[in-house]
Amino acid sequence: MDDDLREPPLKLTFQDIELARQLFGERNAHLQRIADALAVKINTRGENVFVEGDPIAAALAGNTLQQLYGLIQNGYPVYPNDIDYALRVLSADDHAQLKDIFLDTVYITAKKRAITPKSPTQKAYIDAMRGSDIVFGIGPAGTGKTYLAMAMAVSTLQKGIVDRIILTRPAVEAGEALGFLPGDLTEKVDPYLRPLYDALHDMMRFEKASSLMQRGVIEVAPIAFMRGRTLNDAFIILDEAQNTTSEQMKMFLTRLGYNSKAVVTGDITQIDLPAAKSSGLIEASKILRSISAIQFIFFSHTDVVRHRLVQDIIRAYDQKEKSTPSGDAAA
């Protein structure tokens, strides 16, 4: 293209050079990450940034940089993954405001790391947990369903809104009965509950979590242990709910007592129940949708907050399932 016809570079100016350095990243690594993602060229000269390339991509880069700079002005530490999340949000909606999402702190961990939403769906999920007593979070792995629910539970406990946290999961998967597993009852169910322990220990120090569990303030148990109980003043999380039967789901939801919240999470594309059993999560999403006080939040691959490849993997599997006629054997 003739130089005279080339679009002039987009110029951005960031007045605070110290904050600008945080925005640019070490050796301009953050700028390079944006440039690689959008196929544009980004150069700096003092507090000025010049973005050259396709006008739409350059405008997105400029919008992203300006909004990330605003986050830094508010004390938000921008990490490389935050750049990926910001690009994802703003490429879907250029009018979105990152500050309304990223600055909504749910909980600050023992390591002083702020847990915040990273997508509009995660923000809607957090708002739903604040405003409703029963919330369903349904979507693929890596979208933060359980992690954000755990953060909300710990925050609610520390504020004194509830007296205890109850974390539960189905303890029979892929048709494998507990009785056939080695060890005593604790040893049998612990492998199924391990992801809940991992998330809990990421929120608070191991010693504190262990102390709360010994005192019964935090309880981690298979869903069978919920039968016959009324759960008052509690924040209850049912994880991997796609592997509950219809009977288990109904039993769980009817345990809810006074001043309690229940969050149900699951991925309906990864059901491990025997073929003869229907998923309680799928059934609940159909028959409870009309109850306005119960909120359903549906996540997609665009909400994945794990390694950037996880989003591509989920999308690839989704495309394969859509292109494979029903009944065909997997390749």
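Count residues from 1 along the sequence. Keep in mind that this is a model prediction, so the values were computed, not measured.
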Look at atom CD1 of Ile72 and say whether more than 12 heavy atoms of other residues, nucleotides or ligands are closer to it than 6.0 Å.
-> yes
Asn259 (side chain) donor-acceptor with Ile161 (main chain) under 3.5 angstrom = yes
State whether the side chain of Asp104 and the backbone N or O of Asp100 hold a donor-acceptor pair below 3.5 Å, judged by distance alone.
-> no
Drop me the distance from Ile218's CD1 to Ile165's CD1, to the nearest 0.5 angstrom.
-> 4.5 Å
For Gln242 and Glu240, run side-chain contact (heavy atoms from CB on, under 4.5 Å): C-alpha distance rounded to whole Å, both residues' side-chain angles, the deciding distance at 0.1 Å, then the answer.
-> CA-CA 5 Å; Gln242 74 274 8; Glu240 295 290 329; 2.6 Å; yes
Contact check, side chains of Met152 and Ile237, non-hydrogen atoms, under 4.5 Å = no
Considering non-hydrogen atoms only, spot the tightest contact between Ala141 and Gln270 and give its length.
-> CB-NE2, 4.3 Å
Measure from the side-chain N and O atoms of Asn74 to the backbone N and O of Leu71, and report whether any donor-acceptor pair falls under 3.5 Å.
-> no
Do you reckon Phe50 sits in the same ILVMFWY cluster as Val40, going by side-chain contacts under 4.5 Å, direct or chained?
-> no
dist Lys118:NZ -> Asp84:CG (nearest 0.5 Å) comes out at 11.5 Å
So which pairs with a foot in residues 197-212 pass salt bridge (charged side-chain N to carboxylate O under 4.0 Å, His left out), sequence neighbours left out?
-> Arg113-Asp202
Check Val106 against Pro117 and note the closest heavy-atom contact, atom names and distance.
-> CG2-CD, 4.5 Å
Quick check: does any side chain N or O of Thr265 sit under 3.5 Å from a backbone N or O of Gly137, one acting as donor and the other as acceptor?
-> no
Is there a donor-acceptor contact under 3.5 Å from the side chain of Asp163 to the main chain of Asp233?
-> no
Do the side chains of Val264 and Leu253 get nearer than 4.5 Å, heavy atoms only?
-> yes
Side-chain heavy-atom pair Lys145, Ile297 within 4.5 angstrom cut-off = no
When rounded to the nearest 0.5 Å, the distance separating CE of Met204 from OG of Ser211 is 10.0 Å
Is a donor on one side and an acceptor on the other found under 3.5 Å between the side chain of Lys261 and the backbone of Ser132?
-> yes
Check the surroundings of atom CZ in Arg229: do more than 12 heavy atoms from other residues, nucleotides or ligands lie under 6.0 Å from it?
-> yes
Is the backbone of Leu231 close enough, under 3.5 Å, to the side chain of Ser260 for a donor and an acceptor to pair up by distance?
-> yes
Do Met213 and Leu200 come close enough that some side-chain heavy atom pair is under 4.5 Å?
-> yes
Give the intermediate values and the outcome of side-chain contact (heavy atoms from CB on, under 4.5 Å) for residues Ile115 and Leu148.
-> CA-CA 8 Å; Ile115 297 175; Leu148 288 175; 3.9 Å; yes
Among Ile34, Ile83, Leu60, which one satisfies side-chain contact (heavy atoms from CB on, under 4.5 Å) with Leu65?
-> Ile34
Stepwise side-chain contact (heavy atoms from CB on, under 4.5 Å) check, Phe252 with Ile223 = CA-CA 8 Å; Phe252 172 79; Ile223 193 171; 4.0 Å; yes
Heavy atoms, side chains only, cut-off 4.5 Å: are Glu283 and Met249 in contact?
-> no
So side chain to side chain donor-acceptor pair (under 3.5 Å) across residues 55-65, not counting sequence neighbours, yields Asn63-Gln67
Does a side-chain heavy-atom distance below 4.5 Å link Leu23 with His30?
-> no
Linked, directly or transitively: Tyr79 and Leu31 (ILVMFWY side chains, under 4.5 Å) | no
Compute whether any side-chain donor of one residue and acceptor of the other, for Thr13 and Asn48, lie under 3.5 angstrom apart.
-> yes
Here the ring pair (Phe, Tyr, Trp, His ring centres under 6.0 Å) pairs for residues 7-29, sequence neighbours left out, are Phe14-Tyr69
Which residue pairs pass the ring pair (Phe, Tyr, Trp, His ring centres under 6.0 Å) test when at least one of the two sits in residues 268-292, sequence neighbours left out?
-> none
Do Glu18 and Arg21 meet the salt-bridge criterion of a basic N to acidic O distance under 4.0 Å?
-> yes
Would you confirm whether Arg289, through its side chain, and Ser285, through its main-chain N or O, come within 3.5 Å as a donor-acceptor pair?
-> yes
Do the side chains of Ile108 and Leu103 join up, straight or via other hydrophobic residues, at under 4.5 Å, putting them in one cluster?
-> no
Please report the shortest heavy-atom distance between Val89 and Pro120, naming the atom on each side.
-> CG2-CD, 3.8 Å
With side chains defined as the heavy atoms from C-beta onward, is the minimum distance between Leu273 and Ser278 less than 4.5 Å?
-> no
Find out if a path of hydrophobic residues (ILVMFWY) with successive side-chain heavy-atom gaps under 4.5 Å connects Ile294 to Ile236.
-> yes
Under the 3.5 angstrom rule, does the side chain of Arg169 hit a backbone N or O of Asp239 as a donor-acceptor pair?
-> no
Give a yes or no answer on whether the side chain of Gln22 reaches the backbone of Pro77 with a donor-acceptor pair at less than 3.5 Å.
-> no
Residue pairs passing the ring pair (Phe, Tyr, Trp, His ring centres under 6.0 Å) test where at least one lies in residues 125-151, sequence neighbours excluded = Tyr125-Phe299, Phe136-Phe296
Rounded distance (nearest 0.5 Å) linking atom OG1 of Thr121 with atom CD1 of Ile126 = 11.0 Å
Please round to the nearest 0.5 Å and tell me the distance separating atom CG of Leu90 and atom CD of Gln97.
-> 8.5 Å
Any donor-acceptor N or O pair under 3.5 Å, side chains Thr302, Ser300 = yes
Does a side-chain N-to-carboxylate-O contact under 4.0 Å join Asp127 and Lys123?
-> yes
Contacts of type ring pair (Phe, Tyr, Trp, His ring centres under 6.0 Å), residue Phe102, not counting sequence neighbours = Tyr76
Heavy-atom pair of closest approach, residues Leu12 and Gly62 | CD1-CA, 3.7 Å
Would Ile42 and Ile17 show up in the same hydrophobic cluster when neighbours are defined by side-chain heavy atoms closer than 4.5 Å?
-> no
Could you go step by step and tell me if Met226 and Glu219 meet the side-chain contact (heavy atoms from CB on, under 4.5 Å) rule?
-> CA-CA 11 Å; Met226 300 298 107; Glu219 178 182 349; 4.1 Å; yes
Correct closest heavy-atom pair for Thr269 and Asp267 would be OG1-OD1, 2.7 Å
Of the non-hydrogen atoms in Pro170 and Leu238, which two are nearest, and what is the gap between them?
-> CD-CD1, 4.3 Å
Hey, does Tyr85 have a side-chain heavy atom less than 4.5 Å from the side chain of Gln122?
-> no
CG (Leu167) and CZ (Phe235) are apart, to the nearest 0.5 Å, by 9.5 Å
